[in-house]
Amino acid sequence: MKQVPEQLLKPYNSQEVETSLYSMWEDSGYFNPDNLKRTEKGPYTIILPPPNATGVLHSGHAVMLAIQDAIIRFKRMQGYKTLWLPGTDHAAIATQSVVEKKLQKEEGKSRHDYGREEFLKRVNDFVVASQNTIISQCKSVGSSLDWSRLAFTIDEERNLAVRTMFKKMYDDGLIIQGNRIVNWDPKGQTVISDDEVEYVEEKTKFYYFKYGPFTIGTARPETKFGDKYVVMHPEDARYKEYEHGQKLTVEWINGPIEATIIKDASIDMEFGTGVMTITPWHSMVDFELAQKYKLDFEQIIDKYGKLLPVAGEFAGMKIKDAREKIVEKLQAKGLVEKIEDYTHNIATASRSGGIIEPQIMKQWFVAVDKEFTHFGTITTLKQLMKKAVEFQSVTILPDRFEKVYFHWIDNLHDWCISRQIWYGHRIPVWYKGNEIYCDINPPQGEGWVQDEDTLDTWFSSGMWTFSTLGWPEKTQDLATFHPTDLLETGHDILFFWVARMIMMSTYALNQVPFKSVYLHGLVRDAQGRKMSKSLGNTLDPRDLSAKYGTDALRMALLVGNGPGNDLKLGEDKVKAYKNFANKIWNASRFVLEKTADLTSPASLSQEDQALYDAWKATKEDITGDIEHYRLHLASEKLYNYFWKTFCDVIIESHKVRIANNTDKESAQTLLLTLLREQLIALHPFMPFITEELWKYVKNSDDDLLIVSAW
RNA sequence: GGGCGAUUAGCUCAGUUGGUAGAGCAACUCGUUUACACCGAGAAGGUCGGGGGUUCGAGUCCCUCAUCGCCCACCA
């Protein structure tokens with residue numbers, strides 16, 4: 001007769017067991033696929049979306065880790081050679097600005113006071129110091145990541161990969177340098193890509209100014225100094241007396257100027273007066289018009305958002321201050337016809353919040369529409385991205401995001417990849433006079449100067465599935481684990497990241513980066529609001545995990561959380577699964593007590609066999625759910641079966657049978673078998689409590705639950 | 001301006017291919033001499049946003065309207 005372990009006599013205490021269980025798993029080496037004994041089903045790989053190296057664990061991370069860990073544990077138990085590869089992200093702009101603020105606050109100096117080299121050293125020190133925080137927090141929620149393969153988006157290996165990729169794309173003519181109109185962020189002092197622009201609604205004024213015989217409409221008087229082209233629709237009857245190319249002299253802000261009439265069908269006759277003047281240096285639309293008709297470009301605003309000498313008396317003023325003054329002056333000259341209230345969207349930089357000022361600048365771009373020869377066929381990067389999803393080499397879950405993805409590709413312009421910040425992968429291009437040199441390593445000889453700019457952080461992130469596996473070297477890992485099986489991430493970075501990974505991987509390897517994409521939603525508070533520090537409604541996963549147990553937290557994040565949908569998380573929900581953990585604990589003790597005198601498994605009675613078969617069917621159902629990434633259903637079914645069927649029905653009836661000695665050994669065998677199998681099935685979702693209980697339920701020759709057969 | 005999603009019990013949400021409406025929380029009644037009160041038993045609660053259609057049959061498919069939310073877009 002076995003003794004029921006003393007530990008089971010008190011309620012389940014997650015804090016007492018979690019840390020040591022995690023160490024036990026780590027020590028076992030089973031997080032590393034090379035150490036797995038059963039790998040008959042072949043490789044299964046997930047690369048972890050790298051959290052910011054300087055970040056702390058938030059509920060978004062917790063969801064991501066819970067989902068991926070559940071899938072990885074499931075596959076590992078099924079007998080796959082599972083690799084879940086961790087890493088951290090250098091998050092160029094975000095990290096640099098954090099360190100800049102810190103240095104400003106602590107030492108009162110800007111990055112320029114330190115100089116590039118010293119500043120980068122400071123950033124690196126900061127990153128190294130804070131990196132362990134996020135890593136240990138990932139561990140604390142039970143993530144069975146292979147830490148032996150930990151990567152960093154800007155370490156030496158990844159830098160080599162980035163330089164190699166840049167060079168390859170440069171040689172293929174896919175990375176080009178050009179003077180184009182770009183999104184300049186005066187606050188962050190860098191160019192950003194179209195995807196980093198966020199449109200924010202702004203209430204402002206709409207001004208109607210007299211411009212010679214016309215009335216022009218504008219929301220931005222401060223850009224209008226040099227406006228010498230006046231544009232209207234060729235079929236606008238109101239202006240039919242004027243001809244394209246006609247010149248006339250008009251009185252304007254700082255005196256008379258010679259204006260040229262442009263007729264173009266892109267003008268909306270219904271909007272305003274149907275006439276506008278254009279400012280090609282500071283407007284995307286105007287830029288295109290100017291290119292079309294080969295007009296002059298003149299810069300009006302500098303990179304700090306101040307007016308240039310062309311503004312005459314207004315030179316040096318911030319645009320915001322200048323606007324009023326200019327309107328006043330026009331008013332004094334009698335050129336203001338009317339002013340209306342106006343609501344429109346202004347472009348802001350999503351990171352810094354600065355208002356974007358379009359500028360013409362020399363930058364580096366990835367040409368997405370340019371044809372090139374790719375493994376023997378002519379294609380474009382856009383086509384590569386499109387085909388991967390179109391032909392289902394990559395499937396996106398939920399599938400409605402496939403439409404969103406295609407729509408994004410259709411509207412995609414060349415990707416501006418150069419940034420005027422210091423922290424990041426430096427562009428591997430050197431200049432000497434008019435010579436330009438691009439290679440993985442610096443050129444020989446004197447007088448070469450490297451390009452000052454760094455790369456968009458998503459450039460290196462785009463290579464993440466294969467740079468982490470050793471590319472450009474032909475490593476065993478790359479051959480074994482690429483393409484990866486699943487990318488699980490938030491739908492908010494579908495464009496930034498998912499699309500770029502598909503582009504980079506199909507381009508460089510002629511392989512998709514992953515076979516499936518699983519997009520989870522945002523974690524919101526119980527009222528459905530976005531969690532934010534300013535609202536004070538954030539739920540810290542570390543607190544929840546400490547208070548209710550990691551298993552409870554994980555269940556709360558998984559049950560009912562279908563792909564693509566936002567999850568409303570209240571503390572009540574976590575508490576409910578803490579109760580469930582305790583239920584498992586108590587039921588396990590009870591089963592162990594009632595079966596202590598069972599020496600060897602008995603054959604099942606017909607009735608018990610039927611119950612067992614019903615469980616088998618449930619488990620098969622659950623297996624299918626997990627295989628199709630329906631964790632929200634699988635977890636709920638396990639919960640219901642354990643509580644409603646196993647505890648409330650089977651244990652209740654069988655304890656009577658055991659007491660009355662009716663088919664006792666069959667009853668005992670069934671209880672023990674069902675408990676064992678449910679611990680296995682629950683393990684991917686609630687790894688800690690199940691592994692802990694497994695110690696008491698397993699047979700002597702059984703290994704850890706983490707590697708037990710599903 | 002385009003696209004997408006949501007609308008199911010008081011609250012938060014499930015409902016995989018159309019086949020007699022589900023869970024958690026809350027509220028109600030009862031129960032504490034033996035697994036668990038972090039519990040059990042029981043009862044209550046829904047014309048599945050409105051309207052129309054397809055079907056033997058619709059929460060599920062189609063059309064339409066309404067409200068809320070998200071994404072995309074260079075109307076000055």
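First the proteins, then the strands, lettered A, B, ... as listed; each starts at 1. All values below were derived from every heavy atom in this structure, side-chain atoms included, with hydrogens, water molecules and symmetry-related copies excluded.
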Run the ring-centre check on [X] versus [Y] and record whether the distance is less than 6.0 Å.
| X | Y | value |
| --- | --- | --- |
| A:Tyr208 | A:Phe206 | yes |
| A:Tyr229 | A:Tyr293 | no |
| A:Tyr342 | A:His344 | yes |
| A:Trp252 | A:Tyr211 | yes |
| A:Tyr639 | A:Phe580 | yes |
| A:Phe214 | A:Tyr239 | yes |

Exercise. Are A:Lys547 and A:Glu571 close enough for a salt bridge, meaning some N to O gap below 4.0 Å?
Worked result: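 Yes, this pair counts.
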Exercise. Taking 4.0 angstrom as the limit, do A:Lys224 and A:Asp227 come out as a salt bridge?
Worked result: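 Yes.
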When you measure from the side-chain N and O atoms of [X] to the phosphate of [N], is any distance below 4.0 Å, counting only OP1 and OP2?
| X | N | value |
| --- | --- | --- |
| A:Lys403 | B:C4 | yes |
| A:Lys644 | B:G24 | yes |
| A:Trp643 | B:G40 | yes |

Protein and nucleotides 25-32 of chain B: nitrogen or oxygen contacts under 3.5 angstrom:
unit_1	atom_1	unit_2	atom_2	d
B:C25	O2'	A:Asp572	OD2	3.3

[N] [atom2] sits how many Å from [X] [atom1], rounded?
| X | N | atom1 | atom2 | answer |
| --- | --- | --- | --- | --- |
| A:Ile651 | B:C39 | CD1 | C1' | 13 Å |
| A:Phe406 | B:C71 | CZ | P | 21 Å |
| A:Asn561 | B:A23 | CG | C1' | 15 Å |
| A:Asp621 | B:U17 | CG | C1' | 14 Å |
| A:Asp648 | B:G42 | CG | P | 9 Å |
| A:Phe642 | B:C36 | CZ | P | 15 Å |
| A:Ile689 | B:C38 | CD1 | C1' | 11 Å |
| A:Leu633 | B:A14 | CG | P | 10 Å |

By the 4.0 Å heavy-atom rule, please label [X] as base, sugar-phosphate, or nothing.
| X | value |
| --- | --- |
| A:Arg400 | sugar-phosphate |
| A:Asp625 | base |
| A:Lys10 | nothing |
| A:Lys583 | base |
| A:His632 | sugar-phosphate |

Could you measure between the two [atom1] atoms, the one in [N] and the one in [M], and give it in whole Å?
| N | M | atom1 | answer |
| --- | --- | --- | --- |
| B:G49 | B:A14 | P | 13 Å |
| B:C48 | B:C36 | C1' | 36 Å |
| B:U55 | B:A41 | P | 46 Å |
| B:U8 | B:G50 | P | 10 Å |
| B:A23 | B:G45 | C1' | 14 Å |
| B:C30 | B:U16 | C1' | 39 Å |
| B:G18 | B:U60 | C1' | 6 Å |
| B:G1 | B:C74 | C1' | 13 Å |

For this session: From the options B:A14, B:C72, B:G40, select the nucleotide whose nearest atom is closest to the side chain of A:His407.
Result: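 Nucleotide nearest to A:His407's side chain: B:C72.
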Exercise. Which of the following nucleotides, B:G40, B:C38, B:A14, is nearest to the side chain of A:Asn565?
Worked result: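 It is B:A14.
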Find the partner of [N]: check Watson-Crick (N1-N3 plus N6-O4 or O6-N4) and G-U wobble (N1-O2, O6-N3) distances, both under 3.5 Å, and reply none if neither fits.
| N | value |
| --- | --- |
| B:U67 | B:A6 |
| B:U55 | none |
| B:A37 | none |
| B:G24 | B:C11 |

For this session: Starting from the C-alpha separation in whole Å, work towards a yes-or-no answer on side chain to side chain donor-acceptor pair (under 3.5 Å) for A:Ser350 and A:Glu196.
Result: CA-CA 6 Å; A:Ser350 54; A:Glu196 290 164 280; 5.6 Å; no
For this session: Mind listing the closest non-hydrogen atom pair of A:Val591 and A:Phe646 along with its distance?
Result: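 Answer, listing the atom of A:Val591 first, then A:Phe646: CG2-CZ, 4.1 Å.
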Exercise. Would A:Ser266 and A:Asp264 count as having a side-chain donor-acceptor pair, cut-off 3.5 Å?
Worked result: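 Note: A:Ser266 and A:Asp264 side chains meet the donor-acceptor criterion.
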Exercise. In terms of the nearest nucleotide of RNA chain B, which residue is placed more toward the 5' end: A:Asp566 or A:Phe590?
Worked result: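 Between the two, 5'-proximity favours A:Asp566.
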For this session: Tell me, yes or no, whether the heavy-atom count around A:Glu270 atom CD, taken from other residues, nucleotides or ligands under 6.0 Å, exceeds 12.
Result: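 Not more than 12 within 6.0 Å, no.
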What protein N or O atoms touch nucleotides 74-76 of chain B N or O atoms at under 3.5 angstrom, if any, and at what distances?
unit_1	atom_1	unit_2	atom_2	d
B:C75	O2	A:Asp268	OD2	2.8
B:A76	OP2	A:Tyr342	OH	2.7
B:A76	N6	A:Asp268	O	3.1
B:A76	N6	A:Phe271	O	2.5

Problem set entry | Donor-acceptor pair (no angle test) under 3.5 Å: A:Glu652 side chain, B:A35 base |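 Indeed there is one.
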